[in-house]
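Note that the structure is a prediction, hence the values are computed from the model and not measured.
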Amino acid sequence: MHDESNLTTGRARRVLGERIRPEIYGERVQLTLEAAELPGEPIEPALGPGLEYAPFELGSAWGPAWGTTWFRLRGTVPEGWAGLEYEGVVDLGFDADTPGFQCEALVYRPDVTPLKALNPRNQWVPIEAGPGGSVELYLEAASNPILLERHPFLPTQQGDLATASRAPLYRLARAELAVRRSEVAALVEDLELLLQLQEQQPAGSLRAVMLESIDRALNALLLDDIAGTAAAARAELAPVLAAHGGQVRHHIAAIGHSHIDTAWLWPQRETIRKVARTMSSMTTLLELDPDFRFGMSSAQQYAWLKEHRPEVYARVKAAVAEGRFEPLGGMWVESDTVMPSGEAMVRQFLEGQRFFEEEFGKRSRGVWLPDSFGYSPALPQLIRRAGFEWFFTQKISWNQVNTFPHHTFFWEGIDGSRVLTHFPPMDTYNAQLLGDELTRAERQFRDARRASGSIAPVGWGDGGGGTTREMLERVKRLGDLDGAPKVRWESPDEFFERTAAEVPDAPVWVGELYLELHRAVTTSQHHTKAGNRRSEHLLVEAEWWATAAWIRAGLEYPHEELQVLWRIVLTHQFHDILPGTSIAWVHREAVATYADVAARLEAIIEASLRALVGEGQLELSANPTSFLTDGVAAGAVSEALEDPSASSVREADGVTYLENERVSFGFDAAGLLVHAVDLRSGRDYAVPGRPGNLFQLHQDFPNQWDAWDVDRFYRETVTDLVEVQGLRAWVEDGVARLELRRAFGESSLTQAFTLAPSETSVRVHQVTDWNEREKFLKLAFPLSVWAKESIAETQFGFASRPTHVNTSWENAKFETSMQRWVMVPDRDGAVALANDSSYGFDVTRDVLDGTGVVTTLRLSVLRAPRYPDPETDQGRHEHRYALQLGGTELTATELAHGLNAPRRAVRGAHPVEPLVTVSGEGVLLDAVKPAADRSGDLIVRVHEATGHHAAAEVRLDVPFSAVHEVSLLEDAPQAVAVGEDRAVRLGLTPLSVRTLRFVLS
Ligand SMILES: [Zn+2]
């Protein structure tokens, strides 16, 4: 027989598109349109119906960028429609290709209760009026601009209300009541599914049968009577759609989903509305199909819904109670996980799970982070210690180079904790269950020998929209269909339960889940990063002092204010805000918000310290770090010891030295670091002929995703900034100082170096006026260090990465992340670089003749991508960093902690002893705070910070009646050893995090 399969598929596609699909709707009546365009930002929906409406012509333009237009739609359901299925259909001027990234609307009844959303792939509205009844609908339509167009990543001014155009962006194309022919709609679903599935089959009998049935169905269809013959056509498809079993053994646990970014190419205020729109649609779908299950993450999004659209929230809450709407992930938002501090990650879980528990009476059992840009190796421990059973993401499928070897595996973290992890082999969090997606899930699944299935999050995401009616239809057909994996709506918990039983000894992946893409997100939007870092330290510090003031001075603890501030900071750790990948609007607001957060925290700190020290004239110093600093104990307020020694400045052979008894830093006339001597060992870490403190400017124009990506070729063009304008050195207050200024391109910077007596680190305060475009500024320190690995701080510890590029895996990590410090060690010493607002660095190694191995450590200082914010990072920036010679992980942590949380000068009547004292080498105090349940119990968290086994004692300076070790969620109490002296004795395994809960007496 001749092969005519292309003829069949070509025929089916044309008939589907041109003839069948338009026949889904039969008789229609046009709705009368009126509109009221808001002059500014959105209003309370309750005010919508009362606006002044003007007549609006179908086909007219509406909606400037970021505008809101209220439409009133009125009409009457024809009497003749009795017994027919009918609905409203509204096309706001949608572009079918970018759902979630353009105009959308929420439809309200006249009493302003939300009905359902309108999205590009979801244009129907349920009509509650019967035949002869009148219809009145209100649309709150958002004219959000398309910022990710077909030629994406071009700079655009549309990303901020302040710079966006005022011209209307959309044309309202359709607004009618229409009779829906469900048999024709079902034929569309049948035909589309088979068309897609036959494409995926190998040549053979199944594909042949599918093609033949398609041809027969088309033969049965009269093109001039589609509605009348749809059933006959479907009858021809029925046998092949009913063919069960077959060769495919893969099961897909489908969960309805809409990954709504908490902010990205829209501001947070729009996310609030996106959540309301999508959830109004999803709760409508849950009513249509009893098998459908939907999952949404991010407690923040539920909290927004509760506050702003309580009617939709009530529907969600009811569906949660039925067990069909699943609160996923147990986090406040789907945060970045590389940059937030350890304590912040704990609070993501604490605030998320507490919200779910208070609102829904249950917690999430797994962590759901499909889209964050790489995953910290500290996470497995935090996930397990917060009581979660599983972890889910798909982002690592975006790797540029290496294909991850597992889809179902145990992920092991820095302390040895393991968590069962799954990556969906469908490689998407926005699945539509298309034929190629189904096939990809089955064929790519790497653990098929023993595990039977995978997860598919099904629905439009990023900008919302969610699951569609068509996707529900598809799942109905895919329950057990020959030629496709078996698909069923299922909770991810059920999937993980089954998987845990199937592969109790799943393979293990140790260490970070590095994303081989989006490597520049640790540098873009520096102000946002600085705001996050400062907030994290101020929050922990405010808790310390406020707790001490509550217990010691009876000051009321500001529970409410601190929870609000934590939640604001947690929200800003969302995976497009902290990474610097949102529009200008989002980052402009973030900077203002961080300033407000800092002011409010400073006020709490000031009030707490004042209550603690009383009125008086003693010059005291408050130490908010977990290290004894200048004679002030951790958590104490006392007189700081004056260092009697002084650093000095010396000139020799054109080199200016900043020196004390322990270290000597020498700068040449160009301000480059030519000597970095640890005087205790005599070792000079500088490399002859390769000076450090070298700023390097690179062209930085990635192939795509400008704010996210730096591509490897950026290193191939570099300008060394060796010109210096003004360099002077002097000693002031015993501190050796050197200041220099450089100008380059349109920019300039100053560096103020200080070397305090007795310190082994030179500190730098850098102020940059940055006006470059598409450039990457690095600060390089070539070091005479034979480092086999670099060690970078992560949450509650550190992790190492090889400096070699032997394998494609190491080679792909050409830009990597740290928290407050990075260190390059060899067997005889180490150099550490600590910072107050940076997260990116790179390390390379070279071999120089006669000099041996050179390790070059480079801090990522500033970038200037132009998409999505065309003005990214333009203007003034401050960076504080310090270079430490001959230290360890612990001294680097100490340096970094002091840099981020400096001692505070306080004037008062008396010193204050620390409330909590921790002894034990390398065991650090992380949090001192009242229990989140406001029971009056006290929470103390410590961790082992050096990678050793440690014995620690935790002492509380107030009486307590009981103490237990608890989870990161402050529950699941376990006995701990308490000595005669009331000290809690803890044995800590390397890099472990432990939480104690004291009942005060
Ligand atoms: Zn996302």
Side-chain angles (χ1 to χ4, degrees), residues 643 645-697 718-744 748-766 778-787 824 826 828-833 845-859 881-887:
D643 194 329
S645 59
S647 300
S648 60
V649 168
R650 174 171 67 89
E651 304 267 343
D653 303 327
V655 175
T656 308
Y657 292 89
L658 307 188
E659 293 181 327
N660 60 25
E661 286 171 4
R662 306 169 84 184
V663 289
S664 167
F665 292 90
F667 297 82
D668 68 9
L672 302 175
L673 186 69
V674 291
H675 292 291
V677 184
D678 183 344
L679 297 171
R680 298 162 297 178
S681 62
R683 179 172 174 184
D684 190 346
Y685 286 98
V687 181
R690 285 218 188 171
N693 192 41
L694 174 65
F695 284 99
Q696 297 187 298
L697 197 61
V718 60
T719 306
D720 290 348
L721 306 179
V722 293
E723 298 286 313
V724 68
Q725 285 88 28
L727 183 155
R728 64 190 190 107
W730 72 103
V731 178
E732 195 178 304
D733 300 331
V735 175
R737 297 166 192 270
L738 180 141
E739 201 170 278
L740 59 84
R741 180 181 147 79
R742 297 184 198 282
F744 52 96
S748 62
L749 64 83
T750 60
Q751 280 180 304
F753 291 82
T754 50
L755 178 65
S758 313
E759 285 213 340
T760 57
S761 324
V762 66
R763 295 173 186 243
V764 189
H765 177 204
Q766 179 181 328
K778 288 264 184 177
L779 175 57
F781 293 96
L783 299 164
S784 174
V785 175
W786 190 1
V824 286
D826 61 18
D828 315 303
V831 176
L833 185 63
R845 61 194 241 160
D846 308 282
V847 178
L848 292 189
D849 284 348
T851 308
V853 173
V854 174
T855 303
T856 301
L857 172 58
R858 297 199 309 164
L859 180 69
Y881 46 90
L883 195 68
Q884 184 181 63
L885 306 183

Participant: Restricting to salt bridge (Lys or Arg N to Asp or Glu O under 4.0 Å), what partner residues turn up for D678, sequence neighbours left out?
Facilitator: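 In terms of salt bridge (Lys or Arg N to Asp or Glu O under 4.0 Å), with neighbours along the sequence ignored, D678 is linked to R680.
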Participant: Test: ring-ring contact (aromatic ring centres under 6.0 Å, His included). Region: residues 646-691. Which pairs qualify, not counting sequence neighbours?
Facilitator: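 Those involving residues 646-691 are Y657-H675, F667-F753.
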Participant: Do the side chains of L848 and R690 get nearer than 4.5 Å, heavy atoms only?
Facilitator: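 They are in contact (side-chain heavy atoms under 4.5 Å apart), so the answer is yes.
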Participant: For V663 and N660, work out which heavy atoms get closest and say how close.
Facilitator: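 Minimum heavy-atom contact is N-OD1, 2.9 Å.
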Participant: Let me see the working for L721 and L749 under side-chain contact (heavy atoms from CB on, under 4.5 Å), right down to the final yes or no.
Facilitator: CA-CA 11 Å; L721 306 179; L749 64 83; 5.5 Å; no
Participant: Who passes side chain to side chain donor-acceptor pair (under 3.5 Å) against Q725, sequence neighbours left out?
Facilitator: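 None.
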Participant: Check whether any side-chain N or O of D668 sits under 3.5 Å from a backbone N or O of V655 as a donor-acceptor pair, and report yes or no.
Facilitator: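 Not confirmed, D668 side chain does not pair with V655 backbone.
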Participant: Going by atom type alone, with no hydrogens or angles, which donor-acceptor pairs under 3.5 Å involve a side-chain atom of residues 727-737 and a protein atom two or more places apart or on another chain?
Facilitator:
{"unit_1": "W730", "atom_1": "NE1", "unit_2": "E732", "atom_2": "OE1", "d": "2.9"}

Participant: Would L658 and V649 count as a side-chain contact (heavy atoms from CB on, under 4.5 Å) if you check the C-alpha gap in whole Å, the side-chain angles of each, and the deciding distance to 0.1 Å?
Facilitator: CA-CA 5 Å; L658 307 188; V649 168; 3.8 Å; yes
Participant: Looking at every non-hydrogen atom in both residues, tell me the closest pair between A686 and A676 and how far apart they are.
Facilitator: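 Result for this residue pair: CB-N, 3.8 Å.
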Participant: Got a donor-acceptor contact below 3.5 angstrom from the S761 side chain to the A882 backbone?
Facilitator: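 Judged by distance alone, no pair lies under 3.5 Å.
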Participant: For the pair T855 (side chain) and V785 (backbone), establish whether a donor and an acceptor sit closer than 3.5 Å, ignoring hydrogens and angles.
Facilitator: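 Yes, the answer is positive, given that a donor and an acceptor are paired below the 3.5 Å cut-off.
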Participant: Indicate yes or no: at least one non-hydrogen side-chain atom of L679 is less than 4.5 angstrom from one of R662.
Facilitator: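 Counting from C-beta outward, L679 and R662 never come under 4.5 Å.
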Participant: Nearest 0.5 Å, please: how far is CD in Q751 from CG in L779?
Facilitator: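 If we round to the nearest 0.5 Å, L779:CG and Q751:CD are 6.0 Å apart.
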Participant: Looking at residues at least two apart in the chain, or sitting in another chain, which of them share a side-chain contact (heavy atoms from CB on, under 4.5 Å) with S648?
Facilitator: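 Applying side-chain contact (heavy atoms from CB on, under 4.5 Å) to S648 gives E659.
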Participant: Are V847 and V854 packed together at the side-chain level, in the sense that at least one heavy-atom pair is separated by less than 4.5 angstrom?
Facilitator: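 No, too far: nothing below the 4.5 Å cut-off.
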Participant: For the residue pair L885 and V831, establish whether any side-chain heavy-atom pair is separated by less than 4.5 Å.
Facilitator: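 L885 reaches V831 side chain to side chain.
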Participant: Mind listing the closest non-hydrogen atom pair of G887 and Q884 along with its distance?
Facilitator: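 Smallest heavy-atom distance, with atoms named: CA-OE1, 4.1 Å.
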Participant: Got L833 and F781 here, is their nearest side-chain heavy-atom distance under 4.5 Å?
Facilitator: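 When only atoms from C-beta onward are counted, F781 and L833 do touch, with a gap below 4.5 Å.
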Participant: For residues L740 and N693, determine if any side-chain heavy atom of one lies less than 4.5 Å from a side-chain heavy atom of the other.
Facilitator: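 Answer yes - side chains close enough.
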Participant: Counting C-beta onward and ignoring hydrogens, is there a side-chain heavy-atom pair between F744 and T719 closer than 4.5 Å?
Facilitator: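 F744 vs T719: side chains apart.
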Participant: Check Q696 against A780 and note the closest heavy-atom contact, atom names and distance.
Facilitator: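 Between these two residues, the closest heavy atoms are OE1-CB, 3.6 Å.
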Participant: Is there a side-chain contact between L672 and V722, using heavy atoms and a 4.5 Å cut-off?
Facilitator: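 Contact flag for L672/V722 side chains = yes.
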Participant: Listed by chain and number, what are the side chain to side chain donor-acceptor pair (under 3.5 Å) partners of E759, not counting sequence neighbours?
Facilitator: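 Side chain to side chain donor-acceptor pair (under 3.5 Å) check on E759 returns R763.
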Participant: For P691 and V674, work out which heavy atoms get closest and say how close.
Facilitator: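 The pair with the smallest heavy-atom distance is CB-CG1, 4.0 Å.
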Participant: Quick one: closest heavy-atom pair of A787 and R845, and the distance?
Facilitator: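 Closest approach of A787 to R845, heavy atoms only: O-NH1, 3.3 Å.
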